[in-house]
Protein chains: 2
Amino acid sequence: MDEALLLDNQLCFPLYACARRVVGKYTPFLKPLNLTYTQYIVFLVLWEQKTASVRELCRRLYLDSGTLTPVLKKMESEGYLTRERSAEDERVVTVSLTEAGLAMKEKARDIPMKVGACLKLGEEEAKMLYMLLYQVLKETED
Amino acid sequence: MDEALLLDNQLCFPLYACARRVVGKYTPFLKPLNLTYTQYIVFLVLWEQKTASVRELCRRLYLDSGTLTPVLKKMESEGYLTRERSAEDERVVTVSLTEAGLAMKEKARDIPMKVGACLKLGEEEAKMLYMLLYQVLKETED
DNA sequence: AGCAATTAAATTGTATCAAATTAAATTTCT
DNA sequence: AGAAATTTAATTTGATACAATTTAATTGCT
């Protein structure tokens, strides 16, 4: 028998399933705000720094421009942010939060707490999981 | 400041990014076999048990029929499996591996090892991560 | 200065995903 | 038995993802 090929022996599998499950836990809280998960994580960055290039967003969110561009355009059309070519370097598109985008922060304030409650992980376990995930992200760079 | 809204404080985020990253590590090994990751995990189940209902596949893979049906049809059209209505209960579709599907197992044999090498996690860490992920999957059921 | 290499976004094509709906079969209840 | 409820798949719809390509701008090299 091929132990290595057993579904339950593959680390990738629970990782993949778990990510979809946890992202899904956000849906009931995001839906009333008319936000998707991807839009939400874009907001998380912009609530921190208010302005970012598309490149920076891609890097921080581990997403590529092919994914983010349409999401950003949608958010722009909904009035949550603006997209402008940089004057110094016209390749760069700078994304900036609008007042409406900033206002959304209040409505989303309690989401992390609510989702956290769904996970039922102890503090130590959450910290450990967090650490291991970032370790994998770091080790698999490039 | 809103600590909870910081991107780096959200467990969901590295989980989501990490899952996509690790799935991406399979691509270079799956592409020569002309397989996608989803097709690969369907194979993982079928290499174990040769036959499964769509329902069983959905449950084991944490995917729903909306995702699996087109994948299974594609794999059927490529000759890797068959789909048949059960005689006893015609709601049930039974998926069965063909010879070609079984033969694929040989070609995929070394994939777990190759991908595992990319992750660079120690045995203890891998075990811990694995355990925590399954714990989250269990705690977030229903 | 001028060309090559690089970089940033956007575009295109393929493959997922999940939620909601539909349709058919089966089970349960009376 | 027959209606109602449940179950299983399939379908439809909307939003992602990523790879590969394209376009335009900038940088590096000579």
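No experiment lies behind these values; they were computed from the predicted model shown. So you know, we letter chains A, B, ... as the sequences are listed, proteins then strands, and number each from 1.
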Carboxylate-amine/guanidinium contact [X] [Y], below 4.0 Å:
X       : Y       : result
A/Glu76 : A/Arg83 : yes
A/Glu78 : A/Lys74 : yes
A/Glu48 : A/Arg60 : yes

If you check the [X] side chain, which of [options] turns out closest?
X       : options                : value
B/Asp89 : D/dT26, C/dA25, D/dA10 : C/dA25
A/Val71 : D/dT16, C/dC17, C/dA19 : D/dT16
A/Tyr16 : C/dT16, D/dA10, D/dA15 : C/dT16
A/Val93 : D/dC18, C/dA18, C/dA9  : C/dA9
B/Leu63 : C/dC17, C/dA20, D/dT11 : C/dC17

By the 4.0 Å heavy-atom rule, please label [X] as base, sugar-phosphate, or nothing.
X       : result
B/Leu68 : nothing
B/Arg59 : nothing
A/Thr67 : base
B/Ser65 : base
B/Thr27 : nothing

Tell me: [atom1] of [X] to [atom2] of [N], nearest whole Å?
X       : N      : atom1 : atom2 : result
B/Leu61 : C/dT16 : CG    : P     : 12 Å
A/Arg55 : C/dA10 : CZ    : P     : 14 Å
B/Tyr40 : C/dT16 : OH    : P     : 15 Å
B/Leu35 : C/dT14 : CG    : P     : 18 Å
A/Asn34 : C/dA19 : CG    : P     : 16 Å
A/Asp64 : C/dA10 : CG    : P     : 12 Å
B/Glu84 : D/dA10 : CD    : P     : 13 Å
A/Lys31 : D/dA15 : NZ    : P     : 10 Å

Exercise. Would a hydrophobic clustering, with Ile, Leu, Val, Met, Phe, Trp and Tyr connected at side-chain separations under 4.5 Å, put B/Leu97 with B/Val92?
Worked result: no
Problem set entry | Which residue lies more 5' along DNA chain D, comparing B/Thr94 with A/Tyr62 via nearest heavy atoms | B/Thr94
For this session: With DNA chain D as reference, determine whether A/Ile41 or A/Arg91 sits nearer its 5' end, using the nearest nucleotide of each.
Result: A/Ile41
Problem set entry | B/Thr69 side-chain N/O to D/dA9 phosphate OP1/OP2 under 4.0 Å | no
For this session: May I ask you to verify if any side-chain N or O of B/Thr38 is less than 4.0 angstrom from the OP1 or OP2 atom of C/dT16?
Result: yes
Exercise. Relative to each other, are the rings of A/Phe43 and A/Trp47 parallel, tilted or perpendicular (30° and 60° limits)?
Worked result: parallel
Exercise. Does A/Glu56 or B/Gln39 map to a spot on DNA chain C nearer the 5' end, using the closest nucleotide for each?
Worked result: A/Glu56
Seminar exercise, completed: By nearest-heavy-atom nucleotide on DNA chain C, the more 5' of A/Arg85 and B/Lys74 is A/Arg85
For this session: May I ask you to test the A/Leu15-A/Leu133 pair for a side-chain heavy-atom distance under 4.5 Å?
Result: yes
